[in-house]
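Keep in mind it's a predicted model, so treat the numbers as computed, not measured.
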Amino acid sequence: GRFRDADLQRAFETAQPIQCAELINDKGDWKTVAFFNEKRELGDWYRSNFDEVKNDLSSFIFKGVCRGEHGPVQLTTKFPVTESTQAYERGRIPIDEVEVNVNAPVSAFFDPRSQAYQFDLPYLFLVHREGDESIYSLDPPLLADRDRYATDVIDHWDCKSVTADAVTYRFLICRTTTQPRNPAARSQNRAPAFGASAYFILSDGKEASSSVKLSFNNASVEDVSGPPPVEVPPARADWQTPDAEEKIVDLQRDEFRIRFAPTWTGKLNSAQILYGQTLSGLESATPPAGVDYCVWLPGTGASVQRLLANEPDDNVISSMTPRDQDALSATSITFDVKMGTGVHLGSLRCTFPRTPSAASVSFGRWTSITGTHLNLEVR
């Protein structure tokens, strides 16, 4: 009861940004150590030892390939079903029979302004409603409800690394807020209701380690009681293919490029259409209704042939413009390809008729259109 919200806020503000490699270290499996809702009667607890932490069935699993210190990663969450947990606590079933809900992965990305990794969990369950007040949980209350997520809210997370002289293990402090799922409602900047915000403390159970070197009269003795420090090679600016689950719009936070396969030889100077992993002239093919497709519209000049080079031209710059569905047009993502001098080489407009938001389009869905004719790479 002596732990105030101001203490939690100060701990979060003084926490440091965590690096991508630390998030996905080993299994990338983080467990809940403590939970503090600003409205204490809704939740206020902590684990007393690490055995309790390790036995927690809830998990936050970060995976991916780190592109730089703060590259985007994928997060899979697991939460036990309350009905099943209660059956275990009453001795009706063993621990290995407790049902655990595994949610689809979401993207977590680093926000330079807050210096925190951010992600949204659309996996909340309505557990109680009284008047205008609704209480949500990440744990499914009943086995029959494990896929009946609330459709009006999401859980927004900001996570940072706790570092201090007295901290032995690696911890994340995460500030969470229940927000309207509708982006228009979130943009109204209304203060969330009291009890909608909380703090989670997570840990991956890794002990911190250090090496010490003591000097005496020009002679030195190294402390070898712990493992030797691991030398991390400098990061290389390699080009990599994204994971299939990564969202296309998230890739624009890094430098990216589009590579054209040899199948484009003789076709770059005319309009082309791709759907179902096939490439055809725009005048000779029409995609079936409701099918995802991309249209290539060439720019002017002979410079467009540079896109077929075996080694991509560093002077070619790619950008993207996402657009959500509205009353007049379907959801689309447009890729513009230009020379560093400003010469427009062409545009690739990809349309997704069955999707209301461009933010939900994954890289795997894009490749289901383009096949091997195009590849998108991220530095």
[X] versus [Y], closest heavy-atom pair with distance:
X	Y	value
Glu99	Leu143	CG-CD2, 3.4 Å
Ile24	Cys66	CD1-SG, 3.4 Å
His70	Gln19	CD2-CA, 4.1 Å
Val337	Leu307	CG1-CD2, 3.8 Å
Gln272	Leu279	CB-CD1, 3.7 Å
Pro80	Ser58	CD-OG, 3.2 Å

Assigning hydrophobic clusters by single linkage (Ile, Leu, Val, Met, Phe, Trp, Tyr; side-chain heavy-atom cutoff under 4.5 Å), is [X] placed with [Y]?
X	Y	result
Tyr117	Val106	yes
Phe110	Ile173	no
Ile201	Ile18	no
Val33	Leu8	yes
Leu297	Tyr275	yes

Answer yes or no: is there a donor N or O on one side and an acceptor on the other, between the side chain of [X] and the main chain of [Y], under 3.5 Å?
X	Y	answer
Ser137	Asp139	yes
Asp324	Ala358	yes
Asn49	Glu52	yes
Gln252	Val249	yes
Ser84	Val81	no
Thr177	Ser197	no
Lys247	Ala359	no
Asn25	Gly28	no
Thr331	Gln325	yes
Asn37	Gly43	no

Worksheet item: Yes or no on side chain to side chain contact (heavy atoms under 4.5 Å, CB included) for Thr334 and Met320, after CA distance, side-chain angles and deciding distance?
Response: CA-CA 5 Å; Thr334 301; Met320 77 170 72; over 6 Å; no

Aromatic contact, [X] with [Y] (centres under 6.0 Å):
X	Y	value
Tyr136	Tyr123	no
Phe35	Tyr199	no
Trp296	Phe260	yes
Trp157	Phe200	yes
Phe171	Trp30	no

May I ask you to test the [X]-[Y] pair for a side-chain heavy-atom distance under 4.5 Å?
X	Y	result
Asp155	Asp120	no
Asp158	Phe119	no
Glu22	Arg170	yes
Leu172	Leu23	yes
Leu274	Leu374	yes
Ile258	Val316	no

Over 12 foreign heavy atoms within 6.0 Å of [atom1], [X]:
X	atom1	value
Arg365	CZ	yes
Phe50	CZ	yes
Glu97	CD	yes
Phe109	CZ	yes
Arg259	CZ	yes

About how many Å separate [atom2] of [Y] and [atom1] of [X], when rounded to the nearest 0.5 Å?
X	Y	atom1	atom2	value
Asp29	Ile61	CG	CD1	4.5 Å
Lys338	Ser319	NZ	OG	6.0 Å
Phe256	Leu251	CZ	CG	8.0 Å
Ile317	Arg257	CD1	CZ	13.5 Å
Ile93	Thr85	CD1	OG1	7.5 Å
Thr367	His373	OG1	NE2	12.0 Å

Worksheet item: Would Thr241 and Asn375 satisfy side chain to side chain contact (heavy atoms under 4.5 Å, CB included), going step by step from the backbone distance to the final call?
Response: CA-CA 8 Å; Thr241 300; Asn375 191 25; 3.5 Å; yes

Under 4.0 Å between a side-chain nitrogen and a carboxylate oxygen: does that hold for [X] and [Y]?
X	Y	value
Arg354	Asp292	yes
Asp152	Arg181	no
Lys54	Asp51	no
Arg379	Glu255	yes
Asp243	Lys63	no

Discussion item. Assess the residue pair Gln179 and Val153 against the criterion (side chain to side chain contact (heavy atoms under 4.5 Å, CB included)); give the C-alpha distance rounded to whole Å, side-chain angles, the decisive distance to 0.1 Å, and a yes or no.
Written reply: CA-CA 5 Å; Gln179 300 179 350; Val153 291; over 6 Å; no

Are side-chain N/O atoms of [X] and [Y] paired as donor and acceptor at under 3.5 Å?
X	Y	answer
Gln86	Thr82	no
Asn269	Gln305	yes
Ser332	Arg323	no
Ser107	Gln74	yes

Discussion item. For Tyr149 and Phe125, take the angle between the two ring planes, folded into 0 to 90°, and tell me which bin it lands in: parallel under 30, tilted 30 to 60, perpendicular over 60.
Written reply: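 Tyr149 and Phe125: tilted rings.
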
Fill in: Stepwise side chain to side chain contact (heavy atoms under 4.5 Å, CB included) test for Met339 and Leu345
CA-CA 7 Å; Met339 297 294 298; Leu345 301 181; 3.8 Å; yes

Practice prompt. Applying side chain to side chain donor-acceptor pair (under 3.5 Å) between Ser59 and each of Lys27, Lys31, Lys78, report the one that passes.
Written response: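 The single option meeting the side chain to side chain donor-acceptor pair (under 3.5 Å) with Ser59 is Lys31.
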
